[in-house]
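Note sheet for the following structure.
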Amino acid sequence: MMSEGIAWILMYAGAGFLLLAAVGIFRFPDLYSRMQAATKGATLGIALMLLGVAVYFAELGVTTRALLVIVFFFLTAPVAAHMLGRAAYILGVPLWEGTIGDELKGRYSLETRVLRSEQNSTSASSSSEAGRDPIPPP
């Protein structure tokens, strides 16, 4: 009886996070913010719902599968969001006008698909002084 209550609480919390993720997808102003809602909120919602299922059934097989699916989501959602964001940035999807800063601006080569770090940018600026072409801003 106690485990049923905990399971329902986890299921409702998970459904709440999934609802917030869905609202975020519709309400956030640009693709990058929507990706955050879709990955973080939805992943937490799915994890809570699967924990609720594991608590409700209280069987080793169900709990193991639920935990494996949670681990799978926690491993794949950030990678998928990173790849979507990278593809969007390469394709030139604009940032929201209220975005404070673009940390990739001027550091990402559209031709070579290489991201320069702070150390590389200082050496690149010295190379541009030496006559080589700097990486064009996206």
Side-chain angles (χ1 to χ4, degrees):
M1 193 65 163
M2 178 75 167
S3 64
E4 271 187 37
I6 293 172
W8 283 110
I9 290 171
L10 288 171
M11 296 287 277
Y12 278 117
F17 276 104
L18 288 173
L19 178 66
L20 288 175
V23 169
I25 289 171
F26 283 110
R27 297 288 299 169
F28 280 160
D30 66 346
L31 176 96
Y32 305 102
S33 303
R34 290 178 188 149
M35 275 188 337
Q36 179 184 3
T39 55
K40 291 180 182 174
T43 301
L44 184 58
I46 289 169
L48 288 174
M49 291 191 85
L50 287 172
L51 283 177
V53 168
V55 169
Y56 183 79
F57 286 106
E59 294 177 8
L60 180 62
V62 173
T63 303
T64 303
R65 286 185 206 125
L67 292 177
L68 287 174
V69 171
I70 290 170
V71 169
F72 177 77
F73 269 98
F74 274 95
L75 289 177
T76 57
V79 174
H82 174 77
M83 296 307 290
L84 285 172
R86 183 176 175 166
Y89 196 82
I90 289 171
L91 292 175
V93 174
L95 297 172
W96 177 48
E97 63 268 2
T99 301
I100 295 174
D102 180 7
E103 294 186 9
L104 294 179
K105 188 173 186 177
R107 292 187 184 172
Y108 195 79
S109 171
L110 295 176
E111 296 163 359
T112 61
R113 309 288 193 240
V114 174
L115 178 66
R116 287 187 310 184
S117 66
E118 288 283 333
Q119 295 170 342
N120 289 343
S121 64
T122 56
S123 65
S125 65
S126 65
S127 68
S128 66
E129 292 170 359
R132 294 185 215 149
D133 292 335
I135 296 175

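None of these values were measured; they are calculated from a predicted model.
The two residues A21 and A42 come nearest to each other via the heavy atoms CB-N, 3.6 Å. Scanning both residues, A7 and G52, for their nearest heavy atoms gives CB-O, 3.3 Å. Smallest separation of non-hydrogen atoms from F74 and P78: O-CD, 3.3 Å. Taking each heavy atom of A77 and T39 in turn, the nearest pair found is O-CG2, 3.8 Å. Annotation for M11 and M49: closest pair SD-O, 3.2 Å, computed over non-hydrogen atoms. Between Y56 and E4, the closest heavy-atom pair is CE1-CG, 3.8 Å.
Residues V93 and Y32 meet the side-chain proximity criterion, which asks for heavy atoms closer than 4.5 Å. Side-chain contact between I46 and I70: absent, with no pair of heavy atoms (C-beta onward) separated by less than 4.5 Å. For the pair E59/T64, no side-chain contact is recorded, criterion being any heavy-atom separation below 4.5 Å from C-beta on. Residues L51 and L67 form a side-chain contact, since some pair of their non-hydrogen atoms from C-beta on lies under 4.5 Å apart.
Grouping the Ile, Leu, Val, Met, Phe, Trp and Tyr side chains by contacts below 4.5 angstrom, directly or via other members, places L20 apart from L44. Under a hydrophobic-cluster definition in which Ile, Leu, Val, Met, Phe, Trp and Tyr are linked whenever side-chain heavy atoms come within less than 4.5 Å, directly or via other members, L18 and I25 are assigned to different clusters. No single ILVMFWY cluster, assembled from side-chain heavy atoms under 4.5 Å apart, contains both L84 and F73. No continuous path of hydrophobic side-chain contacts links L48 to V71 [ILVMFWY only; heavy atoms under 4.5 Å]. In the hydrophobic cluster analysis, where Ile, Leu, Val, Met, Phe, Trp and Tyr join through side-chain heavy atoms closer than 4.5 angstrom, M2 is grouped together with V62.
Taken from CG in L50 to CZ in R65, the straight-line distance is 12.5 Å, to the nearest 0.5 Å. In this structure, T43 OG1 and F17 CZ are separated by 11.5 Å, a value rounded to the nearest 0.5 Å.
Sorted by first then second residue, the side-chain hydrogen bond (donor to acceptor under 3.5 Å, both in side chains) pairs that include residues 74-87, not counting sequence neighbours, are R86-Y108.
Heavy-atom contacts from other residues, nucleotides or ligands closer than 6.0 Å to CD1 of I100 number 12 or fewer.
Between the side chain of T63 and the backbone N or O of L60 there is no donor-acceptor pair closer than 3.5 Å.
Grouped with Y12 in one hydrophobic cluster are W8, the linkage being side-chain heavy-atom contacts under 4.5 Å among Ile, Leu, Val, Met, Phe, Trp and Tyr residues.
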